[in-house]
Amino acid sequence: MGAIRGVCLWCMSAAFGHPIGIVGRASSLVALAMLGTLSQLRRAPRVALDVSLAVLAIGILFFALTPTMRFVAHRWVRADPFTSPPQAVVVLSSGVNADTNITDDAADRLLSGLELAQARRLPLITTRIENRTSEGTTTSDADQHRLVALVGDTIGWQHTPPVGSTHDEAVEVARLVHAHGITTIALVTSPMHTRRACAVFEKAGLRVTCVPARTRGMAAIAMNRATDRLRAFGLWLYELAATLKYKLRGWL
């Protein structure tokens with residue numbers, strides 16, 4: 001029963017889209033199953049696990065069945081008017097899988113950035129992701145190139161060195177664009193990521209027009225499905241934690 005409780009805890013956290021990456025890994029599933037088993041030996045750990053399950057269940061019911069996240073997202077997502085004409089479109093990366101394909105979020109961001117760059121005839125700048133594992137290194141280069149090539153010439157496309165965080169992206173992009181005399185950019189990223197990302201780029205010395213990407217994995221505006229509302233809550237929770245971390249480090 002303890003192992004079952006641990007597995008249930010892992011599955012319930014998945015309802016929020018695993019906002020903290022480590023929770024979504026197979027190793028965390030094994031760890032929670034083992035912790036659940038060990039919790040059966042003592043009353044206090046068993047009660048703590050049951051309380052955690054109860055809190056998650058209440059959270060799932062509340063955020064899945066109420067329009068709370070629709071109102072939160074409406075206030076949280078930053079979408080700026082084009083008052084200052086941007087000199088370039090910057091698209092942030094998100095992730096790359098073992099097959100060298102970029103993640104859904106990354107593809108949404110890039111497609112939205114390509115649309116904007118074409119419409120305004122602006123140069124495109126992207127950031128790069130590089131994952132190193134025991135099986136080798138995968139980068140976002142190949143799949144980004146495939147998508148950019150679908151809409152036209154890739155000669156004018158520029159990208160940064162590999163980055164590991166939004167702060168790294170801001171530093172590398174600022175270095176790249178300042179070398180070309182660019183000070184004003186349109187920054188394209190996922191809706192929930194806009195507030196923190198654009199603030200970090202502004203801290204790096206750039207004038208930013210924040211542009212939320214079109215999302216296809218969820219209805220980020222309508223949120224008419226329970227799964228959309230739960231995922232939005234998970235993303236918002238992650239952004240709250242990341243924003244606090246960035247403020248403590250002086251990156252905002």
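Minimum interatomic distance between Gly113 and Val91 (heavy atoms only, all atoms of both residues): CA-CG2, 3.6 Å. When all heavy atoms are compared, the tightest approach of Thr189 to Ala197 is CG2-CB, 4.2 Å. The shortest heavy-atom contact between Ser112 and Arg214 is OG-N, 2.9 Å. Contact detail for Ala199 and Leu252: the closest heavy-atom pair is CB-CD2, 3.5 Å. Residues Gln118 and Val151 share a closest heavy-atom pair of NE2-O, 2.7 Å. Smallest separation of non-hydrogen atoms from Leu187 and Val208: CB-CG1, 3.8 Å.
Counting only N and O atoms by type, the side chains of Glu172 and Thr160 include no donor and acceptor under 3.5 Å apart. Side-chain atoms of His193 and Ser94 include no donor-acceptor pair closer than 3.5 Å.
Put simply, the side chain of Arg5 never gets that close to the backbone of Gly36: no donor and acceptor are under 3.5 Å apart. In this structure, the side chain of Arg70 engages the main chain of Ala222 through a donor-acceptor pair within 3.5 Å. With hydrogens and angles ignored, the 3.5 Å screen pairs a side-chain donor or acceptor of Ser93 with a backbone N or O of Thr127. In this structure a side-chain-to-backbone donor-acceptor pair under 3.5 Å is present from Arg229 to Met223. Here the side chain of Thr100 pairs no donor or acceptor atom with the backbone of Val96 at under 3.5 angstrom. Not one N or O on the side chain of Asp99 forms a donor-acceptor pair closer than 3.5 Å with the backbone of Asn101. Although no hydrogens or angles enter the test, the distance criterion places no donor-acceptor pair under 3.5 Å between the side chain of Glu130 and the main chain of Thr137. His145 places no side-chain N or O within donor-acceptor distance of the main-chain N or O of Asp141, the cut-off being under 3.5 Å. Side-chain atoms of Trp236 do not come within 3.5 Å of backbone N or O of Met192 as any donor-acceptor pair.
Side chains of Val90 and Leu206 form no contact here, defined as non-hydrogen atoms less than 4.5 Å apart. Residues Val89 and Arg120 form no side-chain contact, since every pair of their non-hydrogen atoms from C-beta on lies 4.5 Å or further apart. The side-chain heavy atoms of His159 and Val148, taken from C-beta on, include no pair separated by under 4.5 Å. Residues Cys8 and Ile4 form a side-chain contact, since some pair of their non-hydrogen atoms from C-beta on lies under 4.5 Å apart. The side-chain heavy atoms of Trp251 and Val171, taken from C-beta on, include no pair separated by under 4.5 Å. Residues Leu150 and Leu147 form a side-chain contact, since some pair of their non-hydrogen atoms from C-beta on lies under 4.5 Å apart. Counting heavy atoms from C-beta outward, Gln87 and His180 have side chains that stay 4.5 Å or more apart. Considering only heavy atoms from C-beta on, Leu32 stays 4.5 Å or farther from Val7 through its side chain.
Residue Arg216 qualifies as enclosed at atom CZ: its count of foreign heavy atoms under 6.0 Å is above 12. Within 6.0 Å of atom CZ in Arg128, more than 12 heavy atoms from other residues, nucleotides or ligands are found, so the atom counts as buried in its surroundings. Heavy-atom neighbours of Leu53 CG from other residues, nucleotides or ligands within 6.0 Å: above the threshold of 12. At most 12 non-hydrogen atoms from other residues, nucleotides or ligands lie less than 6.0 angstrom from CG of Asp104.
For the atom pair CD1 (Ile125) and CD1 (Ile185), the distance works out to 7.5 Å, reported to the nearest 0.5 Å. The CZ atom of Arg207 lies 14.0 Å from the CD1 atom of Ile182; values are rounded to the nearest 0.5 Å. Rounded to the nearest 0.5 Å, atoms CG (Asp228) and CD1 (Ile221) are 11.5 Å apart. One distance of note links CD1 of Ile102 with CG of Leu110; it measures 5.5 Å at 0.5 Å rounding. In this structure, CG on Leu248 lies 11.0 Å from OG1 on Thr243, to the nearest 0.5 angstrom. With rounding to the nearest 0.5 Å, the separation of OG1 in Thr215 from CG in Asp108 is 6.0 Å.
In terms of hydrophobic clustering, with Ile, Leu, Val, Met, Phe, Trp and Tyr side chains grouped at heavy-atom distances under 4.5 Å, Val211 and Leu114 are assigned to a common cluster.
Here the options are Phe63, Trp76, Tyr238, Phe71, the test is ring-ring contact (aromatic ring centres under 6.0 Å, His included), and the partner is Phe233; only Phe63 passes.
Residues forming a side chain to side chain donor-acceptor pair (under 3.5 Å) with Arg78 (at least two apart in sequence, or on another chain): Asp80, Glu202.
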Go through the steps for Leu116 and Phe82 under the test side-chain contact (heavy atoms from CB on, under 4.5 Å), then give the verdict.
CA-CA 12 Å; Leu116 180 61; Phe82 283 86; 3.9 Å; yes
Go through it in stages, so that I can follow the logic: the residues are Leu41 and Leu38, the test is side-chain contact (heavy atoms from CB on, under 4.5 Å), and I'd like the CA-CA distance, side-chain angles, deciding distance and then a yes or no.
CA-CA 6 Å; Leu41 303 177; Leu38 293 173; 4.2 Å; yes
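Salt-bridge formation is detected for the pair Arg146/Asp143: a Lys NZ or Arg NE/NH1/NH2 atom is positioned less than 4.0 Å from an Asp or Glu carboxylate oxygen.
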